[in-house]
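Order of the sequence lines sets the chain letters (A, B, ...), proteins ahead of strands, with each chain counted from 1.
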2 protein chains.
Amino acid sequence: MRLSTRGYYGLKAMFDLAQNYGSHPITLKSVAERQRISESYLEQLMAMLRKTGLVKSFRGAQGGYILAREPARITAGDVVRALEGPIAPVYCVNEEEPRECDEVDYCITRTVWLRVRDGITGILDSINLADLCLEAEKVRQTGRGEHIKLNKY
Amino acid sequence: MRLSTRGYYGLKAMFDLAQNYGSHPITLKSVAERQRISESYLEQLMAMLRKTGLVKSFRGAQGGYILAREPARITAGDVVRALEGPIAPVYCVNEEEPRECDEVDYCITRTVWLRVRDGITGILDSINLADLCLEAEKVRQTGRGEHIKLNKY
DNA sequence: TTTTATCTTGAGTAAAATACTCGGTTTTAA
DNA sequence: TTAAAACCGAGTATTTTACTCAAGATAAAA
Ligand code: FES
Ligand code: FES
């Protein structure tokens, strides 16, 4: 029940861009450094994010990446779907092309995965990048107190 | 964001045992047939379920498996954890041994995964095998109407 | 115009995880 | 005694993950 590092790194990168939203393009290199992601790996992720229209890129010197729209209009769900494909704990409840077992009689368990999927998507779709920036701002002001508390896990 | 087939098959198998709860031990072979799981693969899964104390086994002729306790006291979360390990969409929010990134400053994204994890565990822990049996019973009585509706996905 | 910073593309790959299979051993009810 | 089961350990093909690398395209700046 694990996300790959694509979603993990990807959300970090998008959050980084969100925090720099409104200024000049941000270079992949600087994102990679701040977020401690391999530069060449992040290249691939950014390519996916660009292809799905979540970021815009500018080539050449002074180039870089910016969010394709306001942080408030990009959700964590958008990012995860761009990098990991449709959300589905198991094949038969895939968001896009669900496949069914042969024997419907024995598919009661499917309702479990359906509920799990809807739980996940509900949460991911309810969080946008502006929320995260706001939270970061709060953490910065309270001297990270709040964040430390979260780290009890 | 996908479960492996272990959790998928495992829940099916446990549901099968739950439906036969109270009678004689059920052979692995018959579970495998009904649920269309490879017999030798299911062997491994049952071994894991036995080691975590969710099922009891009886060897020899007329042997088989039974649930180790009432269906109402076994949750989907128990089954998934037994087969896939602690639930964690990303490493740093692992239920058991969370690892943190080096830079707490950039860990706002962690709160997302934390919420996702709690969403998943909340759902999985709230569903027990007796619930599923009840649902199956309902489906059987209403001629599967309800189940078909769910399959719109 | 040349240089340099940057994105872009495609190919390649090592390691891990997945989803199994198989053959043999042990146990136990009939 | 026999046959039906669980048990065990090893092996393996395939897929996925998590990268790396090198060459090319583009555009701003010198
Ligand atoms: S449709 Fe997937 S469990 Fe049956
Ligand atoms: S602790 Fe995992 S994203 Fe920072």
Side-chain angles (χ1 to χ4, degrees), chain A residues 1-13 16-17 20 23-33 35-68 80 83-86 88-91, chain B residues 1-13 16-17 20 23-33 35-68 80 83-86 88-91:
Chain A
M1 186 61 101
R2 195 176 298 138
L3 208 71
S4 73
T5 56
R6 289 195 297 279
Y8 174 76
Y9 290 161
L11 189 61
K12 282 187 172 201
D16 193 287
L17 291 185
N20 290 290
S23 64
H24 56 87
I26 312 296
T27 66
L28 187 142
K29 194 178 171 190
S30 73
V31 174
E33 268 170 19
Q35 306 298 334
R36 302 181 179 243
I37 305 171
S38 144
E39 208 177 316
S40 24
Y41 190 34
L42 186 56
E43 265 177 18
Q44 294 185 3
L45 306 186
M46 293 308 280
M48 299 174 89
L49 292 169
R50 181 171 46 80
K51 277 168 195 158
T52 46
L54 292 180
V55 302
K56 275 184 201 158
S57 64
F58 299 91
R59 301 173 76 157
Q62 312 306 310
Y65 294 91
I66 61 170
L67 296 184
V80 171
L83 295 166
E84 315 232 357
V90 300
Y91 296 106
Chain B
M1 186 61 101
R2 194 176 299 138
L3 209 69
S4 72
T5 56
R6 289 195 298 279
Y8 174 76
Y9 290 160
L11 189 62
K12 282 187 174 201
D16 194 287
L17 292 185
N20 292 290
S23 65
H24 55 86
I26 311 297
T27 65
L28 187 141
K29 195 181 171 190
S30 73
V31 174
E33 269 169 17
Q35 306 299 334
R36 303 181 180 242
I37 305 170
S38 144
E39 208 177 316
S40 23
Y41 190 36
L42 186 57
E43 255 179 29
Q44 293 186 4
L45 307 186
M46 293 309 279
M48 298 174 89
L49 292 168
R50 181 171 46 81
K51 278 169 195 157
T52 47
L54 292 180
V55 302
K56 275 184 202 159
S57 63
F58 298 91
R59 301 176 73 157
Q62 312 304 311
Y65 295 91
I66 60 168
L67 295 184
V80 170
L83 295 166
E84 314 233 357
V90 300
Y91 295 105

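Distance CD1 (B:I66) to P (D:dA6): 13 Å, rounded to an integer number of Å. Summarising the geometry, the separation between CG on B:L28 and P on C:dC20 is reported as 14 Å, rounded to the nearest angstrom. When rounded to the nearest whole Å, the span between CD of A:E39 and P of C:dT8 equals 14 Å. As rounded to whole Å, 12 Å separates atom C1' of C:dC7 from atom NZ of A:K51. For the pair A:L45 CG and C:dT8 P, the computed distance is 13 Å after rounding to whole Å. B:H24 places its NE2 atom 15 Å from the P atom of C:dA29, with the value rounded to the nearest Å. Rounded to whole Å, the distance from CG on B:L42 to C1' on D:dA6 is 12 Å. The nearest whole Å value for the distance from the CE atom in B:M48 to the P atom in C:dA17 is 13 Å.
The side chain of B:R59 sits closest to D:dC7 out of C:dC7, D:dA28, D:dC7. For B:Q44, taking side-chain heavy atoms from C-beta onward, the closest of the listed nucleotides C:dT21, C:dT4, D:dA3 is C:dT21. Closest approach to the A:S57 side chain among D:dA29, C:dC7, D:dC7 is made by C:dC7 (side chain taken as heavy atoms from C-beta onward).
For A:Y41 and D:dT17, the shortest distance from a side-chain N or O to OP1 or OP2 is not below 4.0 Å. At D:dT17, none of the side-chain N or O atoms of A:Y9 fall inside 4.0 Å of OP1 or OP2 (strictly under the cut-off). Side-chain nitrogen and oxygen atoms of A:Y8 include none within less than 4.0 Å of the OP1 or OP2 phosphate oxygen of D:dT17. Residue B:R50 places none of its side-chain N or O atoms closer than 4.0 Å to OP1 or OP2 of D:dA6.
Counting any heavy atom pair closer than 4.0 Å across all strands shown, B:S38 reaches sugar-phosphate atoms only and no base atom.
In this structure, A:Q35 and A:D16 approach most closely via the heavy-atom pair NE2-OD2, 2.7 Å. In terms of heavy-atom proximity, A:A13 sits nearest to A:L42 at CB-CD1, 4.0 Å. The two residues B:L45 and B:Y9 come nearest to each other via the heavy atoms CD1-CB, 3.7 Å.
Without hydrogens or angle criteria, A:T5 side chain to A:Y8 main chain gives no donor-acceptor distance under 3.5 Å. The closest donor-acceptor contact from the side chain of B:R6 to the backbone of B:E84 lies at 3.5 Å or more, if one exists at all.
The base of C:dC7 has none of its N or O atoms less than 3.5 Å from a complementary donor or acceptor on the side chain of A:E43.
Mapping A:A61 and B:T27 onto DNA chain D via the closest heavy atom, the residue that lands nearer the 5' end is B:T27. Toward the 5' end of DNA chain C, the nearer of the two residues A:M46 and B:F58, judged by each one's closest nucleotide, is A:M46. Comparing A:G60 and A:S40 by the nucleotide of DNA chain C that holds the closest heavy atom to each, the one mapping nearer the 5' end is A:G60.
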